[in-house]
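Everything below concerns the one structure shown next.
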Amino acid sequence: MCTTDLFSVLKSSSRRYPLLVALLLLASFSLQAREVSRSTGLRQSVYEEMQEVQQLAENDELDKAHARLKKMQGGKLSDYELAQSWFLTGYVYYRQENYKGALNAYEKVLASDNIPPGTRQNVLSTLSQISMVTEDYQRALNYVDQLLAISEEPSPDHYILKAQVLFQLERLDKSMVALEKGLQLQQERGQAPRENWLLLKNAILYSRSDYRGMLRVLQQLIALYPNERYLFNMASIYGELDQSVKQLALMEPLYERGSLNNSSQLV
């Protein structure tokens, strides 16, 4: 059975994580900055300077961004403003692929007693994802467990993040438990599961040789995220189940439209 397509998203995740996490960090900082700028937590002048530093980072002027942040941190900042400056420092380090520096900066954010719960949750999520990038999965699990412990209403993403970490640690049963919890919360919100969540579920089911379970997940994938590769996967599973008529029913239209383009598929 060919599982290349089933695992393609998971195998390439380590290459795609840096860009994904950088975007999440930027969005997280921008959201926090807008929220706190409306309160007394962040002075307008400090907020504006941080926005300028963020713009430098986005323009890849990372050395200038670091210099500005260092100067800010040497001045008179409130504890909350200092925590925000370290949050932005972590983002700049991340853009430089200095993951150790980024982890240290975000740990300094956590050390502040004055950051609101939402910020603390964002930082723990960020630390977990950076630890995933560096393949320090046990550290990532520690962060995500802290995140779940302090979240009054954990989001589906929190449980999916835990499922991804546990999958990397090859704790597949626990990964499935966390994944199912995330899927349940997503369903309760009236929202469809994301494509990579279903791919993770299929990967776990494949490890158990649960082909019928995989068929159900593939049916969801085809309904929500139509793609020929899921038809190939479904045909392969029918082959494993010795259901050659159903396998042919999927392969023949793919052949007629010219989608079978390598020898193994044609055989």
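Residue numbers start at 1 and run along the sequence shown.
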Surrounding [atom1] of [X] (heavy atoms of other residues, nucleotides or ligands, distance under 6.0 Å), is the total greater than 12?
X      : atom1 : value
Glu107 : CD    : yes
Asn227 : CG    : yes
Gln138 : CD    : yes

Closest approach of [X] and [Y], non-hydrogen atoms and distance?
X      : Y      : value
Tyr99  : Tyr94  : CE2-CE1, 3.5 Å
Leu183 : Pro193 : CD2-CB, 3.5 Å
Val165 : Met132 : CG2-SD, 3.4 Å
Ala235 : Leu250 : N-CD1, 3.6 Å
Asp113 : Asp79  : N-OD2, 3.9 Å

Hydrophobic cluster membership, with links at side-chain heavy-atom distances under 4.5 Å among I/L/V/M/F/W/Y: are [X] and [Y] in one?
X      : Y      : answer
Leu110 : Leu82  : yes
Leu199 : Val177 : no
Leu179 : Leu185 : no

Heavy-atom side-chain contact between [X] and [Y] under 4.5 Å:
X      : Y      : result
His66  : Tyr93  : yes
Lys100 : Asn104 : yes
Glu228 : Arg257 : yes
Phe87  : Tyr106 : yes
Pro117 : Ile150 : no
Lys201 : Ser175 : no

**Item:** Electrostatic pair Glu252:Lys246 at N-O distance under 4.0 angstrom
**Value:** no
Taking atom types as modelled and ignoring hydrogens, do the side chains of [X] and [Y] form a donor-acceptor contact shorter than 3.5 angstrom?
X      : Y      : answer
Ser45  : Glu49  : no
Tyr47  : Arg43  : no
Gln186 : Tyr159 : no

**Residue pair Leu260, Phe232: steps toward the side-chain contact (heavy atoms from CB on, under 4.5 Å) verdict** = CA-CA 9 Å; Leu260 305 187; Phe232 285 124; 3.1 Å; yes
**Message:** One pair to check against side-chain contact (heavy atoms from CB on, under 4.5 Å): Asn196 and Leu200. What are the steps and the verdict?
**Reply:** CA-CA 6 Å; Asn196 64 314; Leu200 176 57; over 6 Å; no
**Asked** Has the side chain of Asn202 got a donor or acceptor atom that lies under 3.5 Å from a matching backbone atom of Leu198?
**Response** no
**Message:** Would Gln247 and Ser236 count as a side-chain hydrogen bond (donor to acceptor under 3.5 Å, both in side chains) here? Give the steps.
**Reply:** CA-CA 7 Å; Gln247 186 178 23; Ser236 296; 5.7 Å; no
